[in-house]
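Right, one structure below, let's go through it.
Below, all heavy atoms of this structure are taken into account, side chains as well, without hydrogens, waters or symmetry copies. We count residues from 1, following the sequence as given. From a predicted model like this one, the values you see are computed outputs, not experimental measurements.
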Amino acid sequence: MKKKKLKYLAVYREKFPDKKILSQPTIENYKDVLTLDFTTDILKYLELDDQLQLQFISHTTDPYSGDSIPFCIYSDGDYVWDTTLIHWIKKYRIQLPMVFLEHFSNSKNKKPQNLKYSVHITRKMELVFLEKPHYFFK
């Protein structure tokens, strides 16, 4: 049986503070995009117990704000994300890639609505970022 490659929701360059990837989108430009209602819906999906894959005892540091947050990894079988992304959605209501929002919509029979604006994404080496002219870092 062939293993399925998961798409990692990296989304913003702040996820990789040790890399110089200035060409990737920054969280600064994509805050307060999701409505409160949609934020609640997407968080219910992202934090489903069935999707929790790995939970660590120690916390991790949010590379954007410096907050200490629990560290867990989730997956729905197509995408993988961690609690940093969940934290950013809770705290900043960040924009998510449209391809993921469509995936969420199809899996929950919901349409992403009430976004201030939408963006398309491109995939580079199975990392999912918001669409911007960019190159993948090595």
Has the side chain of Thr39 got a donor or acceptor atom that lies under 3.5 Å from a matching backbone atom of Arg93?
-> no
Should Leu54 and Val80 be regarded as members of a common hydrophobic cluster, given that ILVMFWY residues are connected when their side-chain heavy atoms come within less than 4.5 Å of each other, either directly or indirectly?
-> yes
Quick one: does Ser58's side chain get under 4.5 Å of Phe71's, heavy atoms only?
-> no
What distance separates Gln51 CD from Asp76 CG, expressed to the nearest 0.5 Å?
-> 5.0 Å
Plane angle bin for Phe104 and Tyr45 - parallel if under 30°, tilted between 30 and 60°, otherwise perpendicular | perpendicular
Just by distance, do the side chain of Trp81 and the backbone of Leu46 share a donor-acceptor pair under 3.5 Å?
-> yes
Answer whether the closest heavy-atom distance between the side chains of Cys72 and Asp82 falls below 4.5 Å.
-> no
May I ask you to check whether His103 and Tyr79 place their ring centres under 6.0 Å from each other?
-> yes
Side-chain (Ser68) to main-chain (Thr61) donor-acceptor, under 3.5 angstrom | no
Within-4.5 Å side-chain heavy-atom neighbours: Ser65 and His87 = yes
Any salt bridge (Lys or Arg N to Asp or Glu O under 4.0 Å) pairs touching residues 48-71, not counting sequence neighbours?
-> Asp67-Lys91
Within a strict 4.5 Å, meaning less than it, do heavy atoms of the Ile89 and Leu43 side chains meet?
-> yes
ILVMFWY cluster, Ile73 and Tyr8 together (side-chain gap under 4.5 Å) | yes
So, for Thr83 and Pro70, which heavy atoms are closest and what is the spacing to 0.1 Å?
-> OG1-O, 2.5 Å
Do the non-hydrogen side-chain atoms of Leu85 and Ile94 ever get within less than 4.5 Å of each other?
-> yes
Can you check whether Ile42 reaches Leu101 side chain to side chain, under 4.5 Å on heavy atoms?
-> yes
Can you name the nearest heavy-atom pair linking Thr26 to Tyr12, along with the distance?
-> C-CD2, 3.6 Å
Give the cluster check for Leu96 versus Met98: same hydrophobic cluster or not, with ILVMFWY residues linked at side-chain heavy-atom distances below 4.5 Å.
-> yes
I would like to know whether Thr84 and Ile69 meet side-chain contact (heavy atoms from CB on, under 4.5 Å); could you show each step before the answer?
-> CA-CA 8 Å; Thr84 303; Ile69 55 176; 3.9 Å; yes
Donor-acceptor contact present, side-chain Thr35 to main-chain Phe38, <3.5 Å | yes
Short side-chain to backbone donor-acceptor contact, Gln55 and Gln53, under 3.5 Å = no
In the single-linkage hydrophobic clustering (I, L, V, M, F, W, Y; side-chain heavy atoms under 4.5 Å), do Leu48 and Phe100 co-cluster?
-> yes
